[in-house]
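Here the structure is laid out as structure tokens; the discussion comes afterwards.
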Amino acid sequence: MSLLHLAIISPFLLAIFIPILYKLFRNIHTGWFVLPLPILLFSYFLSFISITSTHKTITESVPWIPAIGVDFIAKVDGLGLLFALLITGIGSLVVLYSIYYLSKDKEKLNTFYVYLLLFMGAMLGVVLSDNLIVLYTFWEFTSFSSFLLIGYWYDREKSRYGAQKSMLITVLGGLSMLGGIILLYIMTGTFNISEIIAQAAGITENPLFIPALICILLGAFTKSAQFPFHIWLPDAMEAPTPVSAYLHSATMVKAGIYLVARMTPVFASEGLWVWLIAGFGIATLFWGSFNAVRQTDLKAILAFSTISQLGMIMSLLGLGAAALHFDDVKNSFYGAATLAAVFHLFNHATFKGSLFMVVGIVDHETGTRDIRKLGGLMNFMPITFTLAIIGTFSMAGLPPFNGFLSKEMFFTGMIRVLELDIFNFETWGMLFPVIAWIASVFTFIYSMVLVFKTFTGKYQPEKLEKKPHEAPMGMLISPIVLASLVIIIGFFPNILANSILSPALESILPNNNIDVHISFWHGFKPELFMTIGVIALGILLFLTLPKWKRVYDFFPKKLTLNRLYDNGIELIQSASNKLTKTYMNGSIRTYLVYIFAFFIFILATTIAVKNAFIFDTSNISSIGFYEVLLALAIVIGSISILFVNSRMTAIILLGAVGYTVSLFYVLFRAPDLALTQLVIETISVALFLLCFYHLPKKRNEERNRFKLTNAIISIGVGAIVTVIALSAHSNKVFDSISEYYVENTYTEAAGKNMVNVILVDFRGFDTLFEITVLTIAALGIFAMIKLRMGGKKKNENK
């Protein structure tokens with residue numbers, strides 16, 4: 001295993017030891033044991049910049065399931081490195097922030113950091129895997145670990161609801177993505193992403209191409225909260241603020257962005273790919289920004305702003321995919337749209353991460369996130385206010401912060417859509433710059449709401465749970481670092497040009513040769529006037545917000561996507577309960593009827609359709625007199641059980657059948673099996689007698705009665721099993737394995753008892769697993785007994 005693979009799985013390895021460290025060092029915040037790992041990983045991935053900046057890649061492979069072409073291939077290119085740096089860099093800051101945010105005395109830190117490490121490792125696996133099956137495995141692990149993180153405060157109903165909602169939506173999208181991966185494999189014969197990209201030109205005409213495209217996009221849209229799948233993200237804000245800062249600004253919600261960027265070289269040749277990504281992206285941008293303005297919870301504002309910003313990045317990736325339809329990509333702006341997407345992806349992680357931490361500080365120091373209760377905090381929390389100004393102004397696209405630069409590039413992309421003469425963009429494409437500008441106005445408004453409604457205005461101490469004060473420096477370090485990046489990248493954007501942005505762009509648009517150069521001043525162009533218009537109208541609408549905010553009241557509260565989701569879940573649960581009650585009546589006999597009836601139908605149908613019944617008597621041994629007698633004894637004993645009314649008599653007859661079977665083993669010269677059978681039968685009969693002795697006698701209505709359905713099912717099962725046994729004996733496709741055991745029992749296992757050798761050596765794992773199952777069952781029974789005894793003691797104490 002390479003060092004790169006070790007870097008990916010290292011969070012999983014550390015997670016194993018976190019509960020132990022938590023228990024041994026209760027006086028030390030567990031985060032201090034976690035913090036060194038993301039810092040080391042960040043430093044390790046920084047060393048790859050010198051390689052990827054020359055447009056080279058590093059690939060390491062470990063065999064996993066080579067029979068179907070599934071190997072754990074770790075690949076570091078420009079795009080993967082960008083995400084790896086975000087995951088580990090912001091991960092380090094989040095861990096540091098959580099050390100001061102979460103109390104070691106009040107919170108279960110062992111579970112929190114285990115979940116966080118699992119998520120970190122899963123995200124690294126997603127962005128650094130070059131095999132789609134491995135990527136999908138890590139992809140679903142992000143859903144699982146994020147479910148645990150969102151539901152960390154599981155005693156809160158909203159936390160459980162948000163965790164379940166995110167899990168259902170993202171996992172269903174992941175299953176759709178798996179379908180797309182399988183379709184790609186059918187078309188290309190490989191799961192390797194690099195090989196699929198190499199074959200992209202040859203699969204565009206395949207009838208499975210469009211279904212695969214749609215399935216892949218469903219996975220990406222659900223994970224990155226694109227409209228209409230965005231509804232899970234606001235409810236996920238019930239997670240602790242460090243989780244929101246990590247998952248919902250820089251990592252998990254960017255996984256769908258990553259997938260679209262990674263698969264662009266495969267699907268960009270299809271116009272549907274461009275339209276779907278750009279269309280859903282611009283719709284998400286508008287809907288997220290429009291709804292952010294109406295929110296009163298600070299984290300809810302950030303949630304909808306995240307949805308909006310993700311839509312912005314997605315729309316740029318969609319338009320940027322058009323670059324692959326031009327021979328001269330360098331002179332085409334469409335490649336620059338992809339550059340804007342990559343640049344804003346980085347910028348968004350910095351300013352949104354810092355804003356989530358700022359909101360966490362406000363909540364931590366005041367006890368509320370409701371802007372209706374907040375105000376005037378600037379005097380109490382000057383540093384936090386400064387950080388909020390930097391983050392919100394960058395989010396609003398104001399100079400001199402990094403968000404202004406990528407927002408200007410976004411406007412450039414939207415304006416140039418009007419020049420796009422493919423895929424009918426010359427018609428409906430004119431809506432893109434209009435929607436983009438309107439959405440930017442709402443972005444400006446909610447940015448101003450977030451900072452000024454919180455830190456300026458009237459101070460309302462009577463509505464606060466705590467007296468506000470500045471956060472401790474340990475909690476401020478992480479947002480200060482991110483805010484510093486917002487300013488530094490704003491003034492010196494080209495420090496990322498050749499080291500980060502250009503290699504990532506090369507991964508999305510191979511052989512693009514785009515000159516990556518970012519500057520503040522582009523002259524008096526439409527983008528500048530659009531920005532001026534956004535600021536002017538945004539200020540006006542912000543100042544008059546109470547007058548026009550009532551427009552949201554016109555939207556019917558009952559006709560929402562959230563209500564549709566809730567009603568759908570209730571309908572599914574109600575229908576499931578009704579369906580279950582039709583066949584789940586509590587009778588084991590009824591359940592056995594269902595199982596055996598299905599068993600008879602499926603096997604009988606298969607035998608009939610495949611004409612599989614074969615009866616060949618040539619290989620059957622002669623039947624002796626004693627064997628006939630024993631068979632008759634078994635038949636008579638079995639039938640007699642059906643007609644006796646005493647449980648004791650039935651048990652004795654059942655034991656007699658078992659003892660008779662052991663005599664067959666004696667006749668067939670298998671004394672060890674006969675002895676085993678006798679021991680098992682003796683123990684079983686004794687246990688049955690012991691248990692049934694204490695049961696009450698049967699009432700008259702419980703006496704055995706003939707039931708036609710039971711008779712048909714019983715005869716059918718016996719007949720089907722007999723037919724299968726005769727057919728299997730008469731139609732042997734392979735030579736019997738018994739000869740192998742005869743030849744190798746002594747030479748390979750040094751044992752003379754063949755049965756023992758088979759159980760202990762040849763089928764040792766099978767025996768081990770059976771023992772394991774029994775051990776687990778025994779532990780379960782022991783735990784239930786202990787719980788019952790503990791419950792009795794509590795009742796006695798009461």
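Residues: numbered from 1 along the sequence shown.
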- Distance (rounded to the nearest 0.5 Å) between Ile49 CD1 and Ser499 OG: 5.5 Å
- Exactly one of Lys352, His248, His230 clears side chain to side chain donor-acceptor pair (under 3.5 Å) with Thr306, and that residue is Lys352
- Phe613 atom CZ: more than 12 heavy-atom contacts under 6.0 Å: yes
- Message: Whether the side chain of Thr54 engages the backbone of Ile51 through a donor-acceptor N/O pair (distance < 3.5 Å, no angle test) should be reported.
- Response: yes
- Query: Do Leu319 and Met414 pass the side chain to side chain contact (heavy atoms under 4.5 Å, CB included) test, and can you show the C-alpha distance, the side-chain angles, and the key distance before you say yes or no?
  - Reply: CA-CA 9 Å; Leu319 295 176; Met414 293 297 111; 3.1 Å; yes
- Query: Angle class for the Phe209/Phe267 ring planes (parallel below 30°, perpendicular above 60°, tilted otherwise)?
  - Reply: tilted
- Query: With ring centroids as reference points, do Phe141 and Phe12 lie under 6.0 angstrom apart?
  - Reply: yes
- Does the side chain of Phe221 come within less than 4.5 Å of Pro228's, by heavy atoms? no
- Check against side chain to side chain donor-acceptor pair (under 3.5 Å), Ser440 and Lys407: CA-CA 9 Å; Ser440 297; Lys407 188 263 300 176; over 6 Å; no
- Message: I'd like to know if the side chain of Thr443 and the backbone of Ala439 have a donor-acceptor N/O pair within less than 3.5 Å.
- Response: yes
- Query: Counting N and O atoms only, with roles assigned by atom type, does the side chain of Ser224 sit under 3.5 Å from a partner on the main chain of Ile257, one being a donor and the other an acceptor?
  - Reply: yes
- Are the side chain of His5 and the backbone of Phe72 linked by a donor-acceptor contact shorter than 3.5 Å? yes
- Can you find a pair of side-chain heavy atoms, one from Ile133 and one from Tyr185, that are under 4.5 Å apart? no
- Message: Are the side chains of Val134 and Ile73 in contact, using a 4.5 Å heavy-atom criterion?
- Response: no
- Message: Among Asn347, Val342, Leu345, Leu339, exactly one meets side-chain contact (heavy atoms from CB on, under 4.5 Å) together with Ser406. Which residue is that?
- Response: Asn347
- Item | Heavy-atom neighbours of Phe227 CZ exceed 12 at 6.0 Å | yes
- Item | Thr222 backbone acceptor or donor facing Trp232 side chain under 3.5 Å | yes
- Determine, using ring centers only, whether His344 and Phe410 are less than 6.0 Å apart. no
- Could you check if a side-chain atom of Pro503 sits within less than 4.5 angstrom of a side-chain atom of Lys56, using non-hydrogen atoms only? no
- State whether the side chain of Ser574 and the backbone N or O of Leu571 hold a donor-acceptor pair below 3.5 Å, judged by distance alone. no
- Backbone N or O of Pro556 within a donor-acceptor pair of the Thr560 side chain at under 3.5 Å? no
- Query: Between Tyr115 (side chain) and Leu148 (backbone), is there a donor-acceptor pair under 3.5 Å?
  - Reply: no
- Determine, stepwise, if the pair Thr251 / Leu86 fulfils side chain to side chain contact (heavy atoms under 4.5 Å, CB included). CA-CA 7 Å; Thr251 52; Leu86 289 176; 5.8 Å; no
- Taking C-beta and beyond as the side chain, do Ile203 and Val266 meet within less than 4.5 Å on heavy atoms? yes
- Task: Could you label the plane-to-plane angle of the Tyr161 and Tyr565 rings as parallel, tilted or perpendicular, counting under 30° as parallel and over 60° as perpendicular?
- Result: perpendicular
- Would you find a donor on one side and an acceptor on the other, under 3.5 Å apart, between the side chain of Asn131 and the backbone of Gly69? yes
- Task: Determine whether Glu270 and Thr204 make a side-chain contact, defined as any pair of heavy atoms from C-beta on separated by less than 4.5 Å.
- Result: no
- Message: Does either side chain, that of Thr57 or that of Lys75, offer a donor lying less than 3.5 Å from an acceptor on the other one?
- Response: no
- Query: Which heavy-atom pair separates Trp437 from Met530 by the least distance, and what is that distance?
  - Reply: NE1-O, 3.0 Å
- Task: Using the side chain to side chain contact (heavy atoms under 4.5 Å, CB included) rule, take Ile508 and Leu79 through it: C-alpha gap first, then chi angles, then the decisive distance, then the call.
- Result: CA-CA 7 Å; Ile508 304 171; Leu79 183 62; 4.2 Å; yes
- Item | Beyond-backbone contact of Phe83 with Lys254, side-chain heavy atoms, under 4.5 angstrom | yes
- Working to the nearest 0.5 Å, report the span between NZ of Lys558 and CG of Asn567. 10.5 Å
- Query: Would Phe555 and Phe290 count as a close aromatic pair, with their ring centres under 6.0 Å?
  - Reply: yes
- Item | Any side-chain heavy-atom pair of Ser10 and Leu41 under 4.5 Å | yes
- Run the numbers on Met314 and Thr284 for side chain to side chain contact (heavy atoms under 4.5 Å, CB included), then give the verdict. CA-CA 9 Å; Met314 194 70 80; Thr284 304; over 6 Å; no
